[in-house]
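The next block holds one structure in the form of structure tokens; read it before the comments.
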Amino acid sequence: MGEEASGGGETPPELVREAEISLLECKVCFERFGHSQQRRPRNLACGHVVCLACVAALAHPRTLALECPFCRRACRACDTSDCLPVLHLLELLGSTLHRSPAAPCAAPCIPGALSCHHAFGGWGTLVNPTGLALCPKTGRVVVVHDGKRRVKIFDSGGGCVHQFGEKGDAAQDIRYPLDVTVTNDCHVVVTDAGDRSIKVFDFFGQIKLVIRGQFSLPWGVETTPQNGVLVTDAEGGSLHLLEVDFLEGALQRTERLQAHLSSPRGVAVSWLTGAVAVLEHPLALGPRACSTRVKVFSSSMQLIGQVDTFGLSLFFPSRVTASAVTFDHQGNVVVTDTSGPAILCLGKPEEFPGLKPMVTQGLSHPVALTFTKENSLLVLDTASHSVKVYKADWR
């Protein structure tokens, strides 16, 4: 006991990084709070905390009225006040925080480790996002979320260039989007849990096709190299391949590739090998009932590898709860982990599980991910309502 107390002079770097991400960062602009005028943390009337610069940006220029970007409660800029607990924490961790920018440099010593280069979105631009995809031709980023217009398209720099998909009950509206993919000819395919349908739009937002009545709860969606569409049915426990004439807006064929899956959600396909990964959420009992399982099938739909939460716990010190799956350009399976939170590489399916952390900092609740042609990793973080861009950094 005495030995532990005498060695308690330094704050563990993991605790410092967690404090920076969870407590010392404005969740509107993603800048770290500070003692400078613009970065000072301010309490809104509802209790949420944002920096002074964001208070000024959100407030009406004449009336100073603003809405909390998180709970939408009305208040006035002149009624905000310094958040003393955050300021005190800044003072307490002051010297440690000045050293903290060097901490990420230790991460790339893990082969394949990535660092965050920038983020875009944020509350208001995105609201509780659920799905992420890249346009193969243009490289633009497509996100589905809970905003008034459900589909947002961003350029590579993070600027919103287009949005569509009204929130409503009409056939062409999107009630509750779960996932999105973009086909090889730039059509946007969305799974809508609100009316249990699949909706196809062109890249300008014009509705081309609505498929309903064939699925109990369509969830994950992915484009194949042959321009087919893979769809998981979470309630039906199945995986389907859709062949669509996108120009004519006609469904040509539906094939059930797998049955007897356990609440399948995420789905991904490797453009290198044609392998298909499915993320299952099997029902379990007990206090720690949340469990996930990744199954990988060959291009001929033969099972070639699988691993679940328990299996990963044998190789990783903390519990892993996968929320999304993809393949990298080398054919490795990569998952988002909401328990970490982290991004983990599971290796090639035939070598499961070769677990290797890729991102262990800066995430809150990752729910989707994809790789760009330049091998950058895009991660959709629903807790911070943002897309985070990770790249290899070997400094």
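For the single chain, residues carry numbers from 1 onward in sequence order.
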Would [X] and [Y] show up in the same hydrophobic cluster when neighbours are defined by side-chain heavy atoms closer than 4.5 Å?
{"X": "Val296", "Y": "Val276", "answer": "no"}
{"X": "Leu377", "Y": "Leu380", "answer": "no"}
{"X": "Val182", "Y": "Ile207", "answer": "yes"}
{"X": "Ile174", "Y": "Ile153", "answer": "yes"}
{"X": "Val367", "Y": "Phe154", "answer": "yes"}

[X] versus [Y], closest heavy-atom pair with distance:
{"X": "Leu114", "Y": "Ala392", "answer": "CD2-N, 3.5 Å"}
{"X": "Cys78", "Y": "Leu64", "answer": "CB-CD1, 4.4 Å"}
{"X": "Phe371", "Y": "Leu134", "answer": "O-CD1, 3.5 Å"}
{"X": "Thr232", "Y": "Gly266", "answer": "CG2-O, 4.2 Å"}
{"X": "Asp179", "Y": "Gly220", "answer": "OD2-CA, 3.4 Å"}

Would you say [X] and [Y] make side-chain contact, with heavy atoms under 4.5 Å?
{"X": "Met301", "Y": "Leu239", "answer": "yes"}
{"X": "Val269", "Y": "Pro225", "answer": "yes"}
{"X": "Val189", "Y": "Thr183", "answer": "yes"}
{"X": "Val244", "Y": "Gln252", "answer": "no"}
{"X": "His145", "Y": "Thr130", "answer": "no"}
{"X": "Val221", "Y": "Val267", "answer": "no"}
{"X": "Leu209", "Y": "Phe246", "answer": "no"}
{"X": "Pro218", "Y": "Arg196", "answer": "yes"}

**OP:** Kindly assign one of parallel, tilted or perpendicular to the pair His240 and Phe215, based on the angle between their ring planes and the thresholds 30° and 60°.
**Re:** perpendicular
Subject >> Set of side chain to side chain contact (heavy atoms under 4.5 Å, CB included) partners for Glu374, sequence neighbours left out >> reply: Thr372
Are the charged groups of [X] and [Y] less than 4.0 angstrom apart, N to O?
{"X": "Asp195", "Y": "Arg212", "answer": "yes"}
{"X": "Asp192", "Y": "Arg175", "answer": "no"}
{"X": "Arg73", "Y": "Glu67", "answer": "no"}
{"X": "Lys295", "Y": "Glu280", "answer": "yes"}
{"X": "Lys388", "Y": "Asp381", "answer": "yes"}

**OP:** For side chain to side chain contact (heavy atoms under 4.5 Å, CB included), just list the numbers for Val55 and Leu44, CA-CA rounded to whole Å, side-chain angles, deciding distance to a tenth of an Å, and then say yes or no.
**Re:** CA-CA 9 Å; Val55 170; Leu44 303 183; 4.2 Å; yes
Nearest 0.5 Å please: distance from the [atom1] atom of [X] over to the [atom2] atom of [Y].
{"X": "Cys160", "Y": "Asp155", "atom1": "SG", "atom2": "CG", "result": "9.0 Å"}
{"X": "Ser115", "Y": "Gln361", "atom1": "OG", "atom2": "CD", "result": "9.5 Å"}
{"X": "Leu369", "Y": "Ser323", "atom1": "CG", "atom2": "OG", "result": "8.0 Å"}
{"X": "Phe201", "Y": "Phe164", "atom1": "CZ", "atom2": "CZ", "result": "6.0 Å"}
{"X": "Gln330", "Y": "Cys345", "atom1": "CD", "atom2": "SG", "result": "9.0 Å"}
{"X": "Thr326", "Y": "Asn332", "atom1": "OG1", "atom2": "CG", "result": "11.0 Å"}

Report yes or no: does [X] contribute a side-chain atom to a donor-acceptor pair with the main-chain N or O of [Y] at less than 3.5 Å?
{"X": "His117", "Y": "Val389", "answer": "no"}
{"X": "Thr138", "Y": "Arg140", "answer": "yes"}
{"X": "Thr382", "Y": "His365", "answer": "no"}
{"X": "His162", "Y": "Phe204", "answer": "yes"}
{"X": "Thr80", "Y": "Ala77", "answer": "yes"}
{"X": "Lys167", "Y": "Arg150", "answer": "no"}
{"X": "Asp202", "Y": "His187", "answer": "no"}

**OP:** Under the side chain to side chain contact (heavy atoms under 4.5 Å, CB included) rule, what do Val278 and Leu261 come out as? Steps first, then yes or no, please.
**Re:** CA-CA 9 Å; Val278 176; Leu261 299 173; 4.2 Å; yes
**OP:** Show your reasoning for whether side chain to side chain contact (heavy atoms under 4.5 Å, CB included) applies to Leu230 and Thr224.
**Re:** CA-CA 7 Å; Leu230 292 172; Thr224 70; 3.7 Å; yes
Subject >> Criterion side chain to side chain contact (heavy atoms under 4.5 Å, CB included) on Leu87 and Asp82, from CA distance to verdict >> reply: CA-CA 8 Å; Leu87 288 171; Asp82 279 342; 3.9 Å; yes
Original post:
Would Thr223 and Thr181 count as having a side-chain donor-acceptor pair, cut-off 3.5 Å?
Top reply: yes
